[in-house]
Amino acid sequence: MASSDLMVGLEIGTSKICVVVGEGRPDGTIKILGVGQAPSRGVRKGEIVDFETAMKCVHEAVVDAETKSDVMIRSVYVAISGSHIQSFNNRGAVTLPEDRDEIDEQDIEDVKINAREVSIPAQNAFLHSIIQHYHVDGQDGVLNPVGMLAEKLEADFHIIHGVRTRIQNTIRCVKELPLEVEDVVFSALASAQVVLTPNQKGLGALVIDIGGGTTDYILYVDGAVKQSGCLGVGGDHITNDISMGLRIPMTRAEKLKIDEGSAVLGNCLPGETVQLRDDSGFAGKEIERETLNTIINLRLRETFELLKKKLEEEPFINYVGEGIFITGGCSHLKGIAHLAEEVFELPARVAHAQTMSGLTSAFENPQFSAAIGLIKYAQAVQTDRPRPRRFGRIFGKLFNGMRLS
Amino acid sequence: MIQLSRNYTLPEREDEIIPIRVIGVGGAGANALDRMVLDGLDKADLVVANTDVQSLASSVAAAKVQLGRTVTRGLGTGGDPELGYDAANESADEIRQALADARLIFICAGLGGGTGSGAAPVIAELARESGALVISFATMPFGFEGKRRMAQANEALVRLQESSSAVICFDNDKMGDIVAPKAGIHQAFAAADVTVSQSVRSIVNLIQRPGLIRIGFDDLLSALRSPNARCLFGFGESDSDNRAYDALTQALKNPLMDRGRLLADAANVLVQVAGGPGMTLSEVESLMQELNRHVGDETQILFGTAVDGRMGNRMAVTLISSLAADGAVVERPVFTAPAAAPKPTYIPPVEPKAVPPAPVPAVSLDEDIGEMMFTPEPPAQPERPLKTIEAKMSAPEPELEIAEPEEFEPEFVEPSPAPVLQAAPPPALIEPEPEQPRVILPAKKKALPAVVEAKPAVEKIVQAKQEVLQFESVTRGRFEKSEPTIVEGQDLDVPTFLRKNVRVK
Ligand SMILES: Nc1nc2c(ncn2[C@@H]2O[C@H](COP(=O)(O)OP(=O)(O)O)[C@@H](O)[C@H]2O)c(=O)[nH]1
Ligand SMILES: Nc1ncnc2c1ncn2[C@@H]1O[C@H](COP(=O)(O)OP(=O)(O)O)[C@@H](O)[C@H]1O
Ligand SMILES: [Mg+2]
Ligand SMILES: [Mg+2]
C-alpha cells in the first residue's frame, strides 16, 4: 500500500468473502476505493473448517479487490465471528501511588489490564476491552480522566473474548496468503461502526447482523457497548430448514428463500403456491407459499427469541431507545424487521452502512456492513495511535489473552 | 554423632493424620492448588477461594468458596485489593466453615492482583482465629508485571505477615532460572506453580509422614521464624546410586536456597530426610555431613527422618529455613547461652571428623532399627523446660548429639522480641508429656463442608446431545462439518419446525 491512510477490511463470512479498500481523508471521512468478493467455501458458522479451500477463496476476493481498487493490498483488518465469542462487563481499578495525585496515561493502561483480571476459559484469548465509563474517586461517567486529581481510578469495560485457536486459525489463513493482519475485530462491533451513528449509540441501539452461519449482535446504551455475542445460527439454517421441510436441494432452497421467502405469515392467499422451476426453466414441484414462510418464520422467530432471552439476562435491553438495526445478508428477507418488532417489542429496521463517499452501490448492501465497518474501525484506531504498530497489536492481544492479563 | 534413641515409637497409624487444609486464594492460588492435585496431595484437604466464578468452576479442588457474591458478582476484583478485602469479609462465614477443624492451614496466593492480595490476609486472620497454625505461601509478581503490582504485592505481604504464623514468600523473578529465559509468561507461572506445589506437598508430607523422628509444627515454626522472614526452601529427590548426595544437591539448587549459600546465615534449618525402608543410617549421616558444610557454625539443625513405603528406592530431602530480611541480624530466639551439663540438641556434628563412622553401615531403617541403632547413653532428661526443642519433638526421641556440646544449649530462653512471624503455637500443640507424640491429636478427618457446588454445565449439554441423537443422521446436512450449535439443550442445526413439531408438507 502506498499510503498509510489506505485501509483494508476483510470479512471471511460463511457465505461470502468480502474485501473493502478504503481511504481515510484528512477531514475524517472515508472514501471506499473498491470492494472485492468471492463466494466462501470451507467456512461454517463463521469459522474456518477447511483451511486450504478457505485460503483460496480469500485469495480470490483479495485479488478482486486489488483489481477493483487498483491498490496493492499488504495488510488487512479482519472480522472475526463464531459462537465461541463471548463477552462480559467488568470493572478495573487502580489506586494512585502516594506521591502522585494526577491520573496519567499509565493509569489508563493499568486499569484496563486490571479489568481483564478475570479468568476466561484457559483456551480463550481477549479480543477487545472496550471502555464504557471511568469513575474517578467514585464520580461516575468521566470520559477522559487523564490529568484529573484522584486517589482511585476505576473503569468499566466490555470485554470480548473467544477461543484462541479459532481466532488464530483465521489469522493464519490470512498470513499465509501472505498478508499482514493489522487487527482482528469482532464482526458485530465492526458492523455497528457503520450501521449506527454516534447519536444512535448514545440513545441506545441493538445491532443484529444475520449472515450465513451466524447471528452476531452488539448492544449500545449511553454510547457504550454493554452486550455482544454470537449465535451460531444464520441464513444457512433457514435454507437447510427449507431444503429439509420441502425436500428440495439446498441450492433450490436458497433460491426459493431469496426470491420468494418472507418472515411474516398471513400475507398470502389461502392455497397460494410457488412454482419451482428447474435450471432448464421447466415447471417443477409446486410449493405452498404459507408453508415456505412458516419454515422461515419459525426459524427466525426462534433465533430472535433466543437472542432476546440472552439479552434479558441483563437490564440493558430496556434502555435501547433507538431500537433494533438488522443487517447482514438475511436482513434482505421480507418482513424480518416486522418479526423482530413483534418478538422484541421494540422498533426495528433494516440497516446498511451509512453514507460514505465512493462506490455507493457496494456499501448500500447490508451484506457488507462488517467489512465496511472494519474500515471505520481501522480509521478510529489509527487516529488513536498515529504510528501503525502492526505486530504490537496482534501480539499484545494474544499475549493479553494469557493468564497475566 | 547422630544417634537414635531406643525408645522410639512405631510410625503413626494411618488414621493419625493431622487435619491439614490448603486454601488457594485468587487466580494464582487456584492454579497452584490445581497443580498440587495433579502432583498428588492426599493428606490434606484442598479449598479454593476466589471472587471469580469461572476460575472456581474450573478448579479441581473439592471445596470451593465464592468470595464476595454481592461485591464482585462472580467476576474478579479487577486488580483491586480493596475489593478482594471486602469480598473476603463478606464471605467470612463460609471461609470459617471451610477451615473449621483444621490444625494446620496453608494459604496460597499470588500477591499483586486483587483477590489474592486483598483476601488472603483476611483469610489468614480467620484461620488464626480458628486456632490453627497458619502458614502462607505467597508469590511476588515478576518484575515485568510492573511497579504497581509490585507495590500492591508488598503491601499485601506486610498484611499477610501480620496475620499468618509464618509466610513463605516466593519471588517469581528468583524462580526465573528454573524457566528457560525465553519461556512465555505461561510457562513462567506454571513453573512457579510447580515450586509452590512442591513446597506445600513436601511440608505436608513432612508432617504427615510417619516419622521415626517426627517433625512437628513448632520445629517448622522455629525454622521459619525470622523477622520479615525470607523463606529458604529446598526439596530434592533421587534414586541414584548416590541418592543421598544427589537429593541434597538438588534441594540446595532450589532458587529459594540460592545454591545453599544463604543457609550460612540461617539461625535454624529444618531438615527432613525421607526414604523407603531401604534407607540406611549411613546415608542419612553422610547427607547431614554434607549439609553441614553449607550451614553456619551457629546454625541449629532441626532434624527429622521418615520412612515411607511408597518412596521405594527414592530418598527425599526437604530443607526449610528463613533469613531475616535485608541481612538483618538473625534472632536466635530459642537457643542461646550455654549453660550447665550437655543436653541433647539437634545439632549435627560441626566437624566432619567429629562424626564417627556409621555404627553399622548400611543398616536398613526398618522397624528393627531402634534396637540396632541405639544411643549408648540416653541423655538425662530431668526438668525439661516445656518448650525446649525436644519437648517439641515427637515421641521417637532421637538425639543428635553435638560435637562441642558446651557451645549449644537447648535451654529455653524467652523468645526474644517477637518477630512479626512469631506465633505462640496454639495451646493444643504443646504436649506436657514428651513421651507422647506431640502434634498428633488424632482427630478424625472430617469431610469438608461442601461450600459451593460448582458444577459445570456439562450435564445439561450431555442431556441435550442425547435428546438430539434421534435427528442426527437425517438432519446434519449442511452442518456436517461444523460443531453443533447447542443452546439451552437444543441442537439448533435441526430444523426449527422439526423440533417444534410443526407439520410442514
Ligand atoms: N504461580 C502463579 N502465579 C500467578 C498465576 N497467575 C498470576 N500469578 C501471579 O499472581 C499475581 C496475582 O494474580 P491473580 O492471582 O490472578 O490475581 P487475583 O486473582 O486478583 O488475586 C500476579 O501478579 C502474578 O504475579 C499463576 O497461574 N501461577
Ligand atoms: N435477498 C436475500 N434474501 C434473503 N436472504 C438473503 C438475501 N441475500 C443474501 N441472503 C442470505 O444472507 C446470508 C449471507 O449473508 P452475509 O451477511 O453475506 O453472510 P456472511 O457474512 O456470513 O458471509 C445467506 O444465508 C443468504 O442466503
Ligand atoms: Mg457477516
Ligand atoms: Mg485472577
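For clarity, every value in this text was computed on a predicted model and none was experimentally measured. To find a chain, count down the sequence lines: A is the first, B the second, and so on, and within it residues start at 1. Below, all heavy atoms of this structure are taken into account, side chains as well, without hydrogens, waters or symmetry copies.
Only the backbone of A:N89 has a heavy atom closer than 4.5 Å to any heavy atom of chain B. Heavy atoms closer than 4.5 Å to chain B are found nowhere in A:D156, neither backbone nor side chain. Of the two parts of A:T294, only the side chain, counted from C-beta on, holds a non-hydrogen atom closer than 4.5 Å to a non-hydrogen atom of chain B. In this structure, the portion of A:R91 lying under 4.5 Å from any heavy atom of chain B is its backbone and not its side chain. Using a 4.5 Å cut-off between heavy atoms, A:L292 does not touch chain B at all. Looking at B:E82, the atoms closer than 4.5 Å to chain A (heavy atoms on both sides) all sit in the side chain, from C-beta outward. Heavy atoms closer than 4.5 Å to chain B are found nowhere in A:T214, neither backbone nor side chain. For a residue to count as touching a neighbouring chain, one of its non-hydrogen atoms must lie under 4.5 Å from one of that chain's; by this rule A:D236 touches chain B with backbone and side chain alike. In this structure, chain B has no heavy atom under 4.5 Å from any part of A:K310. Heavy-atom distances place the side chain of A:F88, and not its backbone, under 4.5 Å from chain B.
Among A:A93, A:P97, A:S243, the residue making the largest number of heavy-atom pairs under 4.5 Å with chain B is A:A93. Per-residue counts of heavy-atom pairs under 4.5 Å with chain B were compared for A:V233, A:V49, A:N90; the largest is that of A:N90. When A:K309, A:H237, A:E47 are compared by the number of non-hydrogen pairs under 4.5 Å with chain B, A:H237 comes out ahead.
Counting only heavy atoms from C-beta outward, the side chains of A:Q86 and A:H161 approach each other to under 4.5 Å. The side-chain heavy atoms of A:L306 and B:E488, taken from C-beta on, include a pair separated by under 4.5 Å. In this structure, the side chains of B:T51 and B:L83 stay at 4.5 Å or more apart for every pair of heavy atoms.
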Chi angles and distances behind the salt bridge (charged side-chain N to carboxylate O under 4.0 Å, His left out) call for B:R148, A:D107: CA-CA 9 Å; B:R148 187 185 302 276; A:D107 295 323; 2.3 Å; yes

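Here the side chain of A:T53 pairs no donor or acceptor atom with the backbone of A:R41 at under 3.5 angstrom.
Interatomic distance, A:I242 CD1 to A:R247 CZ, rounded to the nearest 0.5 Å: 14.0 Å.
Salt-bridge check for A:E260 with A:R289: passed, with a basic side-chain N closer than 4.0 Å to an acidic carboxylate O. A salt bridge links B:D493 with A:K45: the closest approach of a Lys/Arg side-chain nitrogen to an acidic carboxylate oxygen falls below 4.0 angstrom.
In this structure, a donor-acceptor pair under 3.5 Å is present between the side chains of B:T496 and A:E302.
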